[in-house]
There are 2 protein chains.
Amino acid sequence: MAVTLKDVAQQAGVSIATASRAFQHPEMVGSDSLARIRAAAAELGYSPNRTARALITGRAGVYGVIVPDLENPFFPAVLKGAQARAHQLGAQLLITDAGESPDGELPLVRTLAPQVDGIMLCSSRMEEDSLREAATLTRLSLVNRVSPELPGVHADPEPGIPAAVQHLRRLGHRRLGYVGGPAVSRSDQARRSVISRICAAAELDWVEIGPFPPTADGGRAAAEALLQTDATAVLVYNDLMALALMERLRSYGVDVPGQISVVGWDDIPFAAMVTPGLATIRVPRYDMGARAIEMLHQGAHEEGGPVHLGLATQFVPRGSIARAEGAGLSGLSGLG
Amino acid sequence: MAVTLKDVAQQAGVSIATASRAFQHPEMVGSDSLARIRAAAAELGYSPNRTARALITGRAGVYGVIVPDLENPFFPAVLKGAQARAHQLGAQLLITDAGESPDGELPLVRTLAPQVDGIMLCSSRMEEDSLREAATLTRLSLVNRVSPELPGVHADPEPGIPAAVQHLRRLGHRRLGYVGGPAVSRSDQARRSVISRICAAAELDWVEIGPFPPTADGGRAAAEALLQTDATAVLVYNDLMALALMERLRSYGVDVPGQISVVGWDDIPFAAMVTPGLATIRVPRYDMGARAIEMLHQGAHEEGGPVHLGLATQFVPRGSIARAEGAGLSGLSGLG
DNA sequence: CAAATGTGTGCAATCGTTTACGCTGTACGG
DNA sequence: CCGTACAGCGTAAACGATTGCACACATTTG
């Protein structure tokens with residue numbers, strides 16, 4: 001049915017080995033043979049059988065991707081970036097959803113590992129131990145999770161967070177809130193430490209609200225907690241929470257940005273679609289996906305030691321922030 | 001490195017052939033050999049090399065999936081369903097993003113076809129001709145696209161649309177609007193014909209608004225057009241448009257649902273997150289993905305003729321609809 | 001008791017490709 | 001004129017599994 005190397009070799013009057021070399025190591029083949037083989041391949045429409053190649057080389061040309069939840073709006077852009085780069089590199093992506101279960105991730109790695117050249121693990125909640133075990137099964141590249149020894153990419157709070165804080169400061173805000181995500185989250189810790197440093201340098205007060213689960217429910221709960229504070233602006237762990245928080249505030253008659261300014265994190269597509277638009281710190285999701293695949297692919301050739309890459313974030317001002325004059329929730333606490 | 005069938009056979013004291021048969025055709029193997037082989041496999045932790053199997057059987061245990069845009073909130077749930085079913089069937093999914101380009105789809109099919117057992121094509125915008133060509137390259141299963149001769153699944157406007165229309169009727173609405181998507185879209189045509197029939201039977205007026213592109217921009221444009229009509233309730237081509245339409249109406253000071261009731265289509269996650277919640281017609285996206293994979297898989301064994309499956313939709317009432325009393329946009333037209 | 005039947009097993013070919021190894025022929029230095 | 005070097009090519013052995021075929025042995029049948 002399909003055109004094989006044998007057909008090409010026959011048509012070109014050479015052996016299969018030579019035909020193979022014409023593609024793998026052209027410099028080892030005489031120029032006239034090379035020309036004939038190429039012509040034959042073109043004429044017959046030859047394309048190599050990846051399965052056969054994978055069997056002998058041990059490389060599949062496929063990378064696995066594990067995401068905790070495909071429906072989380074954070075991931076699609078990551079996948080797009082990953083897929084685009086994989087495509088450029090002649091590889092394909094085997095994408096699986098871990099069903100939000102941290103315990104499901106390691107078994108998935110075990111299943112995937114034998115058939116792929118490496119796995120891109122997104123926002124993994126595996127234990128460090130499991131992660132180490134996974135790393136013995138195949139090459140790994142982490143997205144949104146930092147682990148010593150393992151390569152990967154994450155979003156650097158800088159310069160996004162400092163820019164947001166400075167912006168709020170210029171608008172007259174003096175008391176900031178930070179609505180935190182899961183306390184165990186490394187990225188949450190990293191952001192808190194940047195906020196802390198910046199606020200100290202800029203002589204701003206800041207108060208920590210949370211931790212909350214990084215979900216819409218978490219955002220709604222955070223709204224209640226926020227009412228107990230005197231912050232005039234909040235940075236929120238992610239856009240999903242920020243959007244839910246804004247909704248809940250609105251349902252209490254609190255005006256955003258009139259009474260309180262809100263800044264999210266991620267810049268998911270919906271952040272720009274709501275009214276007022278959600279100001280946020282844009283995470284380069286597409287690039288993160290692309291770079292993670294790149295690292296997987298580079299590692300496949302030159303072992304350059306594991307490097308964890310921090311990609312710059314960017315502050316995106318939108319309608320959810322305003323000047324501090326008249327802002328504040330005084331008199332509202334206890335409403336919830 | 002890895003445990004092969006050879007190791008298992010050796011340990012069990014049988015030939016490779018017998019070991020292979022123990023897994024493929026256990027009934028052909030003596031019960032004591034079978035037991036020894038199984039024990040050996042368990043002890044050594046054997047798992048078959050899918051690449052080698054694929055080479056000889058011609059079946060890869062992998063299905064390809066092509067989506068026009070991973071960031072479109074319609075698809076993640078479809079992918080989840082597909083992935084879950086594929087997992088059950090022992091298969092994996094090779095997911096690719098066509099980058100919104102209809103012309104990119106056929107080349108993608110060509111690339112994917114040789115390495116997969118079939119392709120699930122989501123919301124394909126290929127020409128009929130290209131579709132036919134694609135079908136010669138590999139087994140196909142269509143999601144959200146109907147083509148004669150080809151198997152696939154789509155969302156049946158019934159009973160979702162009739163239920164929504166009846167619900168609106170009971171709330172006193174007498175003039176409905178339908179904000180259409182791309183005019184060429186088959187599904188748009190199908191929905192219009194159902195609305196037309198139901199409205200005729202229920203003695204309701206309905207007016208067609210559109211067509212518009214199925215995007216947030218399209219929804220905003222539709223809001224302008226809607227202001228020119230006297231409809232008190234609208235059904236919109238999809239949730240993305242409906243949400244954008246609601247936002248735009250609000251920016252004009254139009255109250256939803258006070259002045260106009262809005263019903264979407266899809267039930268994307270955000271429909272439930274906004275305020276007021278977007279009433280919508282739920283498309284069984286998860287099931288669609290699952291069934292599409294199922295059809296691909298079944299077709300691989302028994303050729304039961306191509307069947308196109310219509311999955312039932314469901315009306316989901318939410319805050320964006322209300323009684324018709326006092327509703328209407330009279331006096332507002334010309335505002336845009 | 002021979003022949004027919006059936007059951008369990010192993011041998012070997014096969015899938016399409018890559019690559020170690022060895023062979024041939026030409027070029028060139030001594 | 002011979003030995004060495006090397007470019008170019010083919011033979012054949014992998015990779016790990018599946019499966020047609022044949023063989024051995026046990027069991028039923030005429």
Tell me whether the count of non-hydrogen atoms from other residues, nucleotides or ligands lying under 6.0 Å of CD in A/E128 goes above 12.
yes

Rounded to the nearest Å, what distance is computed from the CD atom of residue A/Q115 to the C1' atom of nucleotide D/dC15?
17 Å

Take atom CZ of A/R21 and atom C1' of C/dA20, then tell me their distance rounded to the nearest Å.
10 Å

Using heavy-atom distances to pick each residue's nearest nucleotide on DNA chain C, tell me which of B/V14 and A/A17 is more 5'.
B/V14

How close or far is atom C1' of D/dG16 from atom CD of B/Q10, stated in whole angstroms?
14 Å

Evaluate the ring planes of B/H154 and B/H308, with Trp represented by its six-membered ring, and classify them as parallel (under 30°), tilted (30 to 60°) or perpendicular (over 60°).
tilted

Counting only heavy atoms not in A/Q88, do more than 12 sit closer than 6.0 Å to its CD atom?
yes

Starting at CD1 of A/I16 and ending at P of D/dA14, how long is that distance when rounded to a whole Å?
17 Å

Can you work out whether B/T4 or A/A19 has the more 5'-proximal nearest nucleotide on DNA chain D?
A/A19

State whether A/S20 places a side-chain N or O below 4.0 Å from either non-bridging phosphate oxygen (OP1 or OP2) of C/dT18.
yes

Quick check on contacts: within residues 46-58 of chain A, what sits under 4.0 Å from DNA chain D by heavy-atom distance?
A/L55, A/I56

In residues 22-33 of chain A, which ones come under 4.0 Å of DNA chain C, going by heavy atoms?
A/Q24, A/H25

So for atom CZ, which belongs to A/R291, do other residues, nucleotides or ligands contribute more than 12 heavy atoms lying within a distance under 6.0 Å?
no

Spacing between A/D7 atom CG and C/dC15 atom P, to the nearest angstrom:
11 Å

Reckon A/T18 has a side-chain N or O less than 4.0 Å from the OP1 or OP2 of D/dG10?
yes

Check this for me: A/R186, atom CZ, are more than 12 non-hydrogen atoms of other residues, nucleotides or ligands nearer than 6.0 Å?
no

On a heavy-atom basis, the closest approach of B/H87 and A/L108 is CE1-CD2, 4.4 Å

State, with a plain yes or no, whether a side-chain heavy atom of A/P269 is found less than 4.5 Å away from one of B/E71.
yes

Shortest non-hydrogen contact between B/Q83 and A/I95, atoms and distance:
CG-O, 3.9 Å

Minimum-distance nucleotide to A/L5 side chain [options: D/dG10, C/dT18, D/dT19]:
C/dT18

Is the number of heavy atoms from other residues, nucleotides or ligands under 6.0 Å of B/R145 CZ greater than 12?
yes

